[in-house]
Amino acid sequence: MSPVCHEDRALDLGDDHFHDACGVFAVWGHPDAARLTALGLHALQHRGQESAGIVSIEATRPLTAHAHRAMGLVQDAFTAATLAGLRGDVALGHVRYSTTGESHLRNAQPLLAAHQGQPLACAHNGNLTNTDALKRGLDAQGAVFQSSTDTEVFLHLAARARGDSALDRVIEALGACRGAWSVAFLAGRQLIAARDPHGLRPLCLGTLGRAHVVASEPVAFDLIGARYVRDLDPGEVLVIDADGARAYAPFEPVAPRFCVFEHVYFARPDSTLGGQSVYDARRAMGRALGREAPADADLVIGVPDSGVAAALGYAEASSLAFEVGLLRSRFVNRTFIEPVDAQRQFGVRMKLSPVAAALRGRRVVVVDDSIVRGTTARKLVAMLRDAGAREVHLRVASPPTRWPCFYGIDTPDRDELVAAHRAPAEVNALVGADSLGYLSLEGLRGAVNGQRGGFCDACFTGEYPVPFVPVGALTARTQHGLAPPVTRR
Ligand code: AMP
Ligand code: SF4
């Protein structure tokens with residue numbers, strides 16, 4: 001008998017691209033699983049504001065899967081009534097961030113299907129690099145796709161895999177996937193969480209009493225009072241069920257390549273990722289920038305939120321006063337999220353307001369985390385001058401962004417990256433600052449303790465750790481029958 005699946009969804013078959021830089025959160029073994037998941041997603045809201053969703057599993061016979069997905073912010077997507085309907089002690093949630101094309105509810109996650117009489121749900125943060133080849137293969141086998149996200153590929157691959165157990169099938173499916181995947185599945189009442197072998201995107205484990213919790217960033221644990229246990233290892237597959245949590249390492253190990261841009265911009269500064277505080281990393285980037293690109297100025301300001309810690313570091317290294325010269329509206333989403341350029345330019349003005357009292361007549365160093373298209377920087381410089389700044393020296397706490405990301409941080413095509421084919425002086429001519437200085441690659445690597453590798457920095461260097469392959473096959477060491485779990489804390 002099939003599980004019952006309740007869902008609110010609209011089927012919209014418009015086109016979209018495969019870009020997902022998202023947040024994943026899951027709870028196993030707590031009577032309030034869905035409500036805790038909504039709170040966890042709220043803490044991960046910075047990772048995606050396009051849509052939010054939760055799938056819960058109620059331990060009826062057969063199991064009942066409940067799902068609710070909606071466009072917009074977590075607090076708007078879930079009411080007390082919808083959460084009350086998401087019954088069960090196991091829940092998986094997702095916030096999605098996509099800037100390409102139109103947004104569709106059909107691409108909201110977690111995706112939910114039924115397989116062999118059991119619910120099968122999946123939520124993904126990252127981006128596969130062999131989606132097209134995998135989809136072509138699945139299409140040829142008669143797979144019917146209901147969304148245009150690469151996440152659906154996981155479900156089809158797992159459903160077609162030959163392994164006896166759900167865990168075996170998930171491992172086989174993941175073994176075919178290239179690129180970045182921090183992913184969580186609900187297979188029946190089992191929660192299976194995994195990180196790609198390079199560990200490009202974060203994923204960590206926590207506990208709340210006897211319940212287990214999995215989240216993209218540990219800040220999601222803080223909000224619900226859960227205890228951070230550890231990051232999942234690159235290539236780790238973690239299964240959580242009535243027998244507890246067991247870790248497997250089924251893939252051939254490769255060099256770790258954690259996304260350095262998580263530290264630069266994407267993650268919350270109060271998160272600790274890969275053992276390093278994001279706040280400390282940003283502050284160290286700012287200090288290095290202060291040493292590398294000093295400015296003859298009166299004060300330092302940061303572009304809130306992601307530029308503030310780096311601005312503090314810059315002020316520290318340069319012995320200049322740090323002041324609050326920009327305020328950020330709490331009510332506007334990240335400007336990048338608006339797809340139309342005109343909206344984006346307007347969005348900068350809506351998002352940031354200058355504090356004239358701090359700026360008037362002064363020579364200002366303004367620190368931002370990155371320049372992508374250059375829209376924010378151009379508007380910002382003009383705004384600071386309008387507010388009375390005598391000079392504006394723009395400092396960027398990362399190297400020039402010259403290459404697009406294919407691993408789950410949404411960036412525009414290469415030609416839209418303002419620094420792709422321009423020297424810093426040419427970028428500054430467009431931006432209009434009195435001077436422009438970027439952090440060097442060495443400075444960035446030093447700030448994240450990455451001098452000896454361990455990070456992906458392809459958007460700055462063009463050195464992509466995962467190539468684009470036709471039909472990927474990262475062979476799992478166990479096609480039939482699982483290797484014993486690896487010992488983890
Ligand atoms: P732009 O205006 O296109 O140059 O974008 C740069 C601004 O967007 C900076 O202030 C960053 O804080 C922010 N930013 C950088 N990368 C991203 C990204 N992948 N998604 C959203 N915002 C970003
Ligand atoms: Fe992160 Fe840049 Fe690598 Fe993408 S290309 S994973 S944004 S470091």
Side-chain angles (χ1 to χ4, degrees), residues 19-22 46-50 97-100 125-127 129 179-182 196 198-202 256-267 269 273-274 282 302-311 326 328 332-339 341 343-349 351-352 366-381 383 394-414 416-420 422 427 430-431 436 438 441 444-445 448 450 454-466:
H19 289 267
D20 293 283
C22 307
H46 62 289
R47 298 187 71 85
Q49 295 111 46
E50 179 189 306
Y97 169 39
S98 152
T99 70
T100 47
N125 171 208
N127 210 74
T129 53
W181 32 269
S182 275
D196 69 76
H198 287 292
L200 276 151
R201 305 255 76 84
R257 287 282 180 263
F258 183 62
C259 167
V260 77
F261 213 76
E262 292 272 354
H263 277 299
V264 170
Y265 167 78
F266 211 64
L273 300 175
R282 287 186 188 161
V303 181
D305 296 320
S306 38
V308 172
L326 284 165
R328 184 182 202 277
V332 182
N333 293 344
R334 287 177 170 187
T335 58
F336 218 81
I337 281 161
E338 294 145 17
D341 201 46
Q343 279 180 7
R344 190 162 41 243
Q345 300 212 15
F346 183 58
V348 175
R349 287 200 297 271
K351 187 174 85 166
L352 298 171
V366 56
V367 180
D368 203 356
D369 62 272
S370 59
I371 298 181
V372 183
R373 292 182 176 88
T375 316
T376 305
R378 200 168 53 244
K379 290 275 156 194
L380 193 63
V381 169
M383 192 193 283
L394 179 60
R395 295 293 178 269
V396 185
S398 61
T401 303
R402 294 201 163 109
W403 300 87
C405 174
F406 300 104
Y407 310 132
I409 296 281
D410 197 68
T411 47
D413 291 342
R414 184 146 198 242
E416 287 181 55
L417 297 172
V418 70
R422 290 183 184 91
V427 174
L430 292 176
V431 161
L436 169 66
Y438 285 97
L441 192 60
L444 175 64
R445 288 178 176 163
V448 294
F455 285 91
C456 172
D457 48 28
C459 45
F460 307 121
T461 59
E463 290 163 20
Y464 292 98
V466 186

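These numbers come from the heavy atoms of this one structure, side chains and all, not from hydrogens, waters or symmetry mates. Whatever order the structure lists ligands and atoms in, that order sets their numbers, starting from 1.
Here the side chains of S398 and D369 are not in contact, with every heavy-atom distance at 4.5 Å or above. Taking 4.5 Å as the limit, some side-chain heavy atom of F261 sits within range of a side-chain heavy atom of C459. P400 is not listed as a side-chain neighbour of I371, based on a closest heavy-atom distance of 4.5 Å or more.
Near S370, meaning under 4.0 Å from one of its heavy atoms, ligand 1 places the atoms 6 (C), 9 (C), 11 (C), 15 (C), 16 (N). In the vicinity of Y97, heavy-atom distances shorter than 4.0 Å reach the ligand 1 atoms 18 (C), 20 (N), 21 (C). Counting atoms of ligand 1 from 1 in the listed order, those under 4.0 Å from a heavy atom of D369 are 11 (C), 12 (O). Below 4.0 Å from some heavy atom of R373 lie the following atoms of ligand 1, by number and element: 1 (P), 3 (O), 4 (O). Taking every heavy atom of G374 and a limit of under 4.0 angstrom, the matching atoms of ligand 1 come to 1 (P), 3 (O), 4 (O). Close contacts between ligand 1 and I371 involve ligand atoms 4 (O) [criterion: under 4.0 Å to a heavy atom].
Remark: side-chain polar atoms of S182 are paired, donor with acceptor, to backbone N or O of R201 under 3.5 angstrom.
Looking at residues two or more places apart in sequence or on another chain, you find a side chain to side chain contact (heavy atoms under 4.5 Å, CB included) between D196 and A180, W181, H198, L200. Checked against side chain to side chain contact (heavy atoms under 4.5 Å, CB included), P304 has the following partners two or more places apart in sequence or in another chain: V308, L326, R328, L352. Annotation: salt bridge (Lys or Arg N to Asp or Glu O under 4.0 Å) contacts of D457 (sequence neighbours excluded): R445.
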Exercise. Let me see the working for R47 and E262 under side chain to side chain contact (heavy atoms under 4.5 Å, CB included), right down to the final yes or no.
Key: CA-CA 10 Å; R47 298 187 71 85; E262 292 272 354; 2.8 Å; yes
Problem - Pair F455-L444, side chain to side chain contact (heavy atoms under 4.5 Å, CB included): steps then yes or no - result: CA-CA 11 Å; F455 285 91; L444 175 64; over 6 Å; no
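Across V372, I409, D368, heavy-atom proximity to atom 10 (O) of ligand 1 is greatest for D368.
With a heavy-atom cut-off of 4.0 Å, S306 touches ligand 1 through its side chain alone. Counting heavy atoms closer than 4.0 Å to ligand 1, residue F261 contributes side-chain atoms (C-beta onward) but none from N, CA, C or O. When heavy-atom distances to ligand 1 are checked against a 4.0 Å cut-off, T375 comes that close through both its backbone and its side chain.
Sorted by chain and number, the protein atoms of type N, O or S within less than 2.8 Å of atom 3 (Fe) of ligand 2 are C456 SG.
Close placement of the F266 and Y97 rings is indicated, their centers lying within 6.0 Å of each other.
Taking the six-membered ring where the residue is Trp, Y464 and W403 present perpendicular rings, their angle passing 60° and hence far from 30°.
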